[in-house]
Protein chains: 2
Amino acid sequence: MEFIKKYTQAHPHLVAVDCIVFGFDNEDLKILLIKRPIEPIKGQWSLMGGFVQEGESLDEASKRVLYMLTGLTNVYLEQLYTFGDIDRDPVARVISVAYYALIKIKDYDEKIVKNNSAEWFKVSNYPKLIFDHETMVQTAINKLRRKCRTQPIGFELLPEKFTIPQLQSLYEAILMQKLDKRNFRKKILSMNLLDKLSEKDKGNSKKGAYLYKFNKEKYEILTSKGFSFEI
Amino acid sequence: MEFIKKYTQAHPHLVAVDCIVFGFDNEDLKILLIKRPIEPIKGQWSLMGGFVQEGESLDEASKRVLYMLTGLTNVYLEQLYTFGDIDRDPVARVISVAYYALIKIKDYDEKIVKNNSAEWFKVSNYPKLIFDHETMVQTAINKLRRKCRTQPIGFELLPEKFTIPQLQSLYEAILMQKLDKRNFRKKILSMNLLDKLSEKDKGNSKKGAYLYKFNKEKYEILTSKGFSFEI
DNA sequence: CCAAAAGTGTTCAGCTTACACCCATGA
DNA sequence: TCATGGGTGTAAGCTGAACACTTTTGG
């Protein structure tokens with residue numbers, strides 16, 4: 001690296017990744033926060049993060065951080081934005097690449113989460129966070145809110161099998177608005193992306209609601225024919 | 001920084017910014033490319049970029065790079081995505097934060113552009129680029145294509161005064177599709193964001209077309225009342 | 001006078017929205 | 001039997017898409 005430094009006047013920087021982890025508990029949209037494990041400001045609420053290692057890509061770093069926090073792999077994880085203000089971290093200059101993850105809230109490993117002193121908070125009411133982490137969270141919520149209307153990413157927050165009322169309350173939680181039951185059902189079913197199962201989920205009512213599965217193959221075929229998802 | 005390094009096992013990285021500069025010549029959507037001025041692979045086409053300096057934020061770095069290339073300040077400039085694969089730059093590991101700029105093509109400083117051995121290329125036909133710069137360009141085009149439909153950013157690519165046919169061909173160039181003249185005019189004028197001037201531009205026809213200006217104040221008032229731009 | 005671009009309205013189809021009642025079941 | 005959430009259809013208004021002729025004027 002020395003010759004590059006001399007040649008280009010390049011100055012190296014610490015680079016971190018921070019993860020905004022979303023979950024849905026059939027009621028509220030939530031984020032997973034940890035109590036900062038290291039000094040300074042140890043014990044304050046924060047996003048889970050970590051430094052990018054030598055020989056590690058940004059995507060790999062974000063997967064590693066998410067795994068350390070939740071024990072999960074193979075989850076929806078997407079780069080959000082890179083935060084690079086000089087004084088964003090008062091301890092040292094750190095450039096942070098934020099990622100957001102959508103997880104099925106029942107899947108995470110409780111032990112690992114507990115070890116990290118992590119907790120779920122409603123996105124409508126979470127504690128004060130260190131540095132610029134609140135900006136990160138807001139940026140992620142905005143992105144999720146926009147993106148869930150045009151891409152079928154909401155399903156990442158639900159179990160594999162889910163009911164239409166469940167899906168509807170997910171959208172209501174993300175978009176922060178009530179939706180019409182009949183119109184919602186009509187719209188989502190008219191896209192032909194959901195396979196109806198014969199099982200019912202009686203967890204939420206005596207009558208029970210039919211379970212559905214998102215059919216990714218159908219989605220990809222339709223997409224390749226010019227279809228676009230829209231709520 | 002030493003104590004941080006030891007404490008966190010953090011490894012520092014070279015961080016660069018690269019700029020995708022868009023322009024519109026009333027005909028085609030274009031990008032500004034340079035001939036790489038340094039070894040290795042000197043002379044190959046590339047985006048304009050530069051390393052982030054000590055004490056410089058990412059936004060500042062991108063402004064500096066854009067200024068060095070075009071002589072322009074105060075232009076639309078937005079962070080696009082951060083590219084961090086290990087081997088994206090075969091010379092050294094460099095994490096690159098890509099930005100895209102929308103400039104009024106008549107404004108750039110020709111001398112500076114010439115000094116940089118820079119040239120405009122159609123987005124539909126540009127030369128092979130170094131590293132992952134073609135991915136960056138495609139990502140930027142996709143972003144622009146999506147964003148110009150829901151945010152009034154197209155105006156950044158036109159002179160302050162422009163005609164409706166000019167605006168329409170801009171959208172046609174970005175979206176790569178013909179639009180209906182009457183429907184386009186109806187839609188754009190119904191938003192009440194344009195001020196009609198009494199002057200005409202006769203550059204493109206004998207009859208001449210009325211000039212308009214985008215009224216940012218009106219846009220902000222409408223936006224605060226829940227209006228949203230949509231082409 | 002003619003070529004070339006600017007400017008102008010209407011109709012139809014499809015989509016979005018609003019809205020109210022019956023069903024199934026466990027307690 | 002009753003309380004609770006699940007499931008269903010239709011009408012009205014609005015929006016998007018298709019479409020052709022007149023106007024202006026420089027050469």
Side-chain angles (χ1 to χ4, degrees), chain A residues 24-28 148-150 158-159 161-173 175-213 222 225-231, chain B residues 24-28 146 148-150 158-159 161-173 175-213 222 226-231:
Chain A
F24 178 63
D25 64 358
N26 283 330
E27 191 68 34
D28 295 291
C148 77
R149 305 187 67 117
T150 55
L158 293 176
K161 302 173 184 182
F162 53 85
T163 68
I164 305 288
Q166 235 180 322
L167 183 62
Q168 182 177 342
S169 37
L170 170 64
Y171 275 95
E172 290 178 341
L175 301 174
M176 294 202 307
Q177 55 174 309
K178 276 274 163 206
L179 300 172
D180 181 276
K181 181 159 74 146
R182 279 177 285 193
N183 294 338
F184 182 82
R185 179 181 290 267
K186 204 188 314 171
K187 189 157 201 174
I188 201 85
L189 290 178
S190 72
M191 288 193 263
N192 272 333
L193 295 173
L194 302 188
D195 294 336
K196 185 177 186 171
L197 308 180
S198 44
E199 311 163 60
K200 281 189 166 190
D201 169 27
K202 298 212 172 183
N204 209 32
S205 75
K206 314 187 164 168
K207 183 178 177 183
Y210 280 105
L211 287 162
Y212 291 79
K213 270 188 178 178
L222 286 169
K225 290 179 185 165
F227 163 83
S228 54
F229 185 87
E230 184 98 41
I231 289 289
Chain B
F24 178 64
D25 65 357
N26 282 329
E27 191 69 33
D28 295 290
R146 258 177 290 115
C148 77
R149 305 185 67 114
T150 55
L158 293 176
K161 301 174 184 181
F162 53 85
T163 68
I164 305 289
Q166 235 180 323
L167 183 63
Q168 182 177 342
S169 35
L170 170 65
Y171 275 96
E172 290 177 340
L175 301 174
M176 295 201 308
Q177 54 174 310
K178 276 275 163 204
L179 301 173
D180 180 277
K181 187 160 71 145
R182 280 177 285 193
N183 292 338
F184 182 82
R185 180 182 290 269
K186 204 189 312 171
K187 189 155 198 177
I188 200 86
L189 290 178
S190 72
M191 288 193 260
N192 271 336
L193 294 174
L194 302 188
D195 295 335
K196 184 177 187 173
L197 308 181
S198 44
E199 310 163 63
K200 281 188 164 188
D201 168 27
K202 300 211 170 184
N204 209 32
S205 76
K206 310 183 168 171
K207 183 178 177 182
Y210 280 105
L211 287 162
Y212 291 79
K213 270 186 179 178
L222 286 169
F227 163 84
S228 54
F229 185 87
E230 185 97 41
I231 288 290

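Just the heavy atoms: all of them, side chains too, but no hydrogens, waters or symmetry mates, feed the values below.
In this structure, Gln168(B) CD and Asn183(B) CG are separated by 9.5 Å, a value rounded to the nearest 0.5 Å. For the atom pair Glu230(B) CD and Thr150(B) OG1, the distance stands at 7.0 Å (nearest 0.5 Å). To the nearest 0.5 Å, the span separating CG on Asn204(B) from OG1 on Thr163(B) amounts to 7.5 Å.
Rounded to whole Å, atom P of dG27(D) lies 14 Å from atom CG of Asn204(B). Atoms NZ (Lys187(B)) and P (dG7(C)) sit 20 Å apart, rounded to a whole Å. The distance from atom CD of Gln166(B) to atom P of dA6(C) is 10 Å, rounded to the nearest whole Å. Atom CZ in Phe162(A) sits roughly 19 Å away from atom C1' in dG5(D) (whole-Å rounding). Atom pair Phe184(B):CZ and dG9(C):C1' shows a separation of 19 Å (rounding to whole Å applied). Distance NZ (Lys196(A)) to C1' (dG6(D)): 11 Å, rounded to an integer number of Å. Across the protein-nucleic acid pair, Lys202(A) atom NZ and dC23(C) atom C1' stand 12 Å apart, rounded to whole Å. With rounding to whole Å, Tyr210(B) atom OH is found 8 Å from dG7(C) atom P.
Contact record, Lys207(B) with Lys202(B): O-CE, 3.9 Å, taken as the closest heavy-atom pair.
At a threshold of 4.0 angstrom between heavy atoms, the contacts of Asp180(B) include nucleobase atoms, whether or not backbone atoms are also involved. Residue contacts shown for Lys200(A) are absent, as no nucleic acid heavy atom lies under 4.0 Å away. Across all strands shown, Lys181(B) has heavy atoms under 4.0 Å from base atoms, whether or not it also approaches the sugar-phosphate.
Residue Lys206(A) has its side chain nearest to dT25(C) when only dG6(D), dT25(C), dG16(D) are considered.
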### Query
Stepwise, does the side-chain contact (heavy atoms from CB on, under 4.5 Å) test hold for Arg185(B) with Leu179(B)?
CA-CA 10 Å; Arg185(B) 180 182 290 269; Leu179(B) 301 173; over 6 Å; no
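For Lys186(A) and dT10(D), a side-chain-to-base donor-acceptor distance below 3.5 Å is present, hydrogens and geometry of angles not being considered. In terms of polar N and O atoms assigned as donor or acceptor, the side chain of Lys207(A) never comes within less than 3.5 Å of the base of dA24(C) in a complementary pairing. Judged by distance alone, with hydrogens and angles left aside, Arg182(B) brings no side-chain donor or acceptor close enough to the base of dA17(D) to form a pair under 3.5 Å. Looking at Asn183(B), its side chain comes within 3.5 Å of the base of dA18(D) through a donor and an acceptor atom.
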